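Just so you know, these numbers come straight off a predicted model, no measurement behind them. For this chain, numbers begin at 1 and follow the sequence in order.
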Amino acid sequence: MISDARSWASGEIIEADLCVIGSGPGGLSLAHELEGTGLRVLVMETGGLSEAPDRNALSDLDRSSRYGAETRIENTRRVGGNANVWHIQTDAGRRNVRMVPYSRADFAARESIGSPGWPIDYDLYMDWIRRAQEHLALSGSFQAAGRTDLAAPAFDLSAAGIETHVFQFPNAEAYLERARRRLETSRNVHLVTYAHALELIPDASGGAIAEVLGASEPGREFTIRAKRFVLAGGGLAVPQLMLSSQRRSAAGIGNMHDTVGRWFMDHPLVDGGDLIPASRSLFDRAELYDLRTVSSGSFMGFLAPSEEALMDHPMANINLILFPSEKDFRRHRELSHRQSLGFYSAIRMRDALRNHHRPLVRDLVGALAGADGVVRKAVDATIHPRSNLVRGGWSRLDRPSARFDVFEVLHLAEQAPRRDNRVSLGNERDRFGRRRVKVDWSFSEEDQQRLARAQEYLAGRIEASGLGRWAVRRVGGRPDIKSDSTGHFLGATRMHVDPRQGVTTTEFRVHGVENLFIASSSVFPTGGYANPTLSIMAVAIGLADRLKAA
């Protein structure tokens with residue numbers, strides 16, 4: 001069942017067995033797993049079924065935030081969450097995303113880089129991952145080894161401590177349509193749109209949540225009463241709601257040890273430099289590392305350090321995504337800061353129009369201000385067409401070795417959790433009168449050193465293997481970070497067995513609050529390099545099992 005909270009009278013009181021706050025992939029997975037259980041499940045979604053700019057604006061950061069070079073975040077408040085803005089192009093359409101699970105090394109404690117590991121069993125997590133794949137219509141292993149459907153071999157680098165993993169690409173339209181149909185016909189799951197959670201209200205003891213105060217519009221408030229509550233919002237929205245819930249304590253809910261909002265992480269995007277093959281014939285046998293669609297789905301191989309290498313060396317976990325290019329490709333695409341802003345504003349406008357959304361005014365202004373950069377990019381794409389992070393296809397060319405000189409290396413970098421990287425509340429308020437999120441975050445000198453060590457280690461192993469030479473890119477002696485954030489908001493309510501070192505238990509329950517649970521990237525104790533969406537769904541599935549068993 002789907003309904004709209006704007007039809008409720010002000011002061012309405014609704015009761016349920018379980019209230020889930022957020023309908024992104026985590027909230028949808030939880031709802032899916034709880035269908036047919038007999039539990040009365042109410043899912044609150046801030047937005048609607050379509051784009052609503054005034055709802056998206058609720059995610060705007062307080063302007064006092066320190067978030068590297070980032071001044072805004074990409075987020076959408078609507079049913080399906082950020083699945084609505086997946087934008088990688090495959091043969092299945094334009095709205096896909098790369099997915100891969102966390103590695104066993106990500107789950108292990110690695111004291112050399114300050115990583116606590118995950119306090120849950122990795123094999124159990126992988127069972128949840130396989131069930132999440134079913135939700136997304138994905139199949140098969142994320143390891144190239146043993147797969148027979150990829151139509152091309154992986155580089156033989158196992159002796160070098162380097163493995164080939166495989167991204168899989170679910171399609172947003174198909175996934176969200178399946179989810180919508182299930183919700184419309186569900187007898188026990190009720191999705192309520194335009195239901196914005198304002199505050200968690202504890203019971204008289206303070207040890208449990210009694211109700212959530214919500215609003216459909218400013219001044220039109222309602223109350224949801226339930227036996228249990230799950231926060232399934234984004235990695236910034238979850239700590240914001242907990243910190244904003246100050247009815248009993250100015251510190252907020254679950255924050256008796258000043259842990260909510262701490263250990264915040266993200267995945268910087270890094271220009272790793274050029275991998276120069278020892279033989280140009282490598283381009284003709286590197287099909288696995290292109291984004292290709294075969295009978296079993298869309299895939300793309302990439303390189304990453306092995307578990308043994310990560311456990312033996314004090315370095316960050318990174319991936320190496322390879323894009324064949326001409327040797328002077330950077331010279332063709334260099335843009336000023338103004339031109340770059342204009343180009344990315346134009347990209348966002350294009351994606352909004354493709355998805356039948358209204359482009360933001362600030363993107364229109366940015367595109368006009370950097371129009372010469374947009375033109376330069378268009379000319380370069382015509383003269384020097386190449387694959388990039390949103391499209392593949394280079395391996396379909398006749399004899400790629402006759403065209404390309406180097407592999408451009410891009411990667412996402414792991415960031416070790418630091419307590420002083422945090423999410424808090426700023427002084428600015430949104431249209432509902434709630435304080436906006438303030439982010440204090442940096443990719444520290446230690447983070448950069450761990451990243452540099454990973455690059456140098458892998459470069460040495462690649463050269464020793466005879467595959468080629470990785471000329472690691474440096475700017476001012478440091479890794480070349482192209483974007484401080486990839487919109488992967490991690491760790492701000494992390495799992496830890498010690499309530500002084502984390503917010504949630506190994507069962508995803510908030511320490512000290514018996515009926516409040518979290519299914520979000522905010523519970524991740526480590527970041528790795530993986531897009532968190534698949535693991536968010538896995539956590540939600542694991543939580544659903546525990547809720548059903550309780």
Side-chain angles (χ1 to χ4, degrees), residues 23-25 28 47-53 56 73-100 132-133 135-139 166-181 269 287 289-302 321-324 333 342-360 363-364 366-367 374 377-378 380-382 384-397 408 410 412 483 486-488 530-534 537:
S23 75
L28 292 178
L49 292 168
S50 58
E51 194 81 356
N56 293 347
I73 62 171
E74 297 298 328
N75 203 16
T76 182
R77 298 287 188 104
R78 60 182 292 195
V79 175
N82 281 353
N84 290 283
V85 294
W86 294 350
H87 62 282
I88 295 174
Q89 302 173 29
T90 73
D91 290 350
R94 295 182 178 273
R95 293 179 57 196
N96 305 270
V97 71
R98 59 177 57 82
M99 284 191 175
V100 71
Q133 286 181 261
H135 289 213
L136 294 164
L138 302 176
S139 63
V166 176
F167 291 123
Q168 297 188 35
F169 295 82
N171 180 262
E173 286 103 332
Y175 166 63
L176 293 175
E177 178 61 22
R178 290 193 300 271
R180 184 185 61 79
R181 288 200 304 266
L269 175 65
E287 178 181 339
Y289 301 90
D290 187 15
L291 199 172
R292 295 292 300 268
T293 300
V294 297
S295 59
S296 51
S298 297
F299 302 93
M300 181 180 187
F302 65 94
I321 312 174
L322 307 177
F323 301 102
R333 71 180 190 192
F343 172 71
Y344 286 109
S345 294
I347 291 294
R348 288 190 291 270
M349 289 179 58
R350 181 202 66 188
D351 291 343
L353 293 170
R354 281 177 175 172
N355 293 321
H356 309 291
H357 303 156
R358 182 186 302 169
L360 297 178
D363 285 333
L364 175 60
V374 178
K377 277 287 191 178
D380 179 42
T382 301
H384 305 283
R386 62 176 66 88
S387 297
N388 55 37
L389 285 170
V390 300
R391 69 171 184 267
W394 62 265
S395 62
R396 297 173 182 170
L397 299 172
E408 178 187 10
L410 294 178
L412 301 186
S483 174
T486 47
H488 298 167
N531 179 310
T533 304
L534 183 64
M537 297 175 69

Side-chain contact, heavy-atom cut-off 4.5 Å: T533 with H488? no
Between L28 and S23 the two heavy atoms that sit nearest each other are CG-O, 3.4 Å
Test log, rule side-chain contact (heavy atoms from CB on, under 4.5 Å), inputs I321 and E408: CA-CA 8 Å; I321 312 174; E408 178 187 10; over 6 Å; no
Heavy-atom closest pair, residues R98 and I88: NH1-CD1, 3.4 Å
Donor-acceptor contact present, side-chain D290 to main-chain S395, <3.5 Å: yes
Return yes if some donor-acceptor pair links the side-chain N/O of R78 with the main-chain N/O of L49 below 3.5 Å, else return no. yes
To the nearest 0.5 Å, how far apart are OG1 in T90 and CD in Q168? 12.5 Å
With a 3.5 Å distance limit and no angle check, can you tell me whether R178 reaches the backbone of H135 through a side-chain donor-acceptor pair? yes
Please give me the minimum heavy-atom distance between L534 and A132, naming the atom from each residue. CD1-CB, 3.8 Å
Strictly distance-based, threshold 3.5 Å: is any side-chain N or O of N75 a donor or acceptor partner for the main-chain N or O of N82? no
Check A83 against A172 and note the closest heavy-atom contact, atom names and distance. O-CB, 3.2 Å
Value for CZ (R396) from CZ (R292), rounded to nearest 0.5 Å, stands at 5.0 Å
Might you point out which heavy atoms bring W86 and N96 nearest each other, and give the distance in Å? CB-O, 3.4 Å
Less than 4.5 Å apart, side chain to side chain, heavy atoms only: is that true for Y175 and P170? no
Could you measure the distance from the CD atom of Q89 to the CG atom of L291? Nearest 0.5 Å is fine. 9.5 Å
Rounded distance (nearest 0.5 Å) linking atom CZ of F167 with atom CZ of F299: 13.5 Å
Is a donor on one side and an acceptor on the other found under 3.5 Å between the side chain of D91 and the backbone of S298? no
Quick one: does V79's side chain get under 4.5 Å of R180's, heavy atoms only? no
What are the two closest non-hydrogen atoms of M99 and L136, and how far apart are they? SD-CD1, 3.4 Å
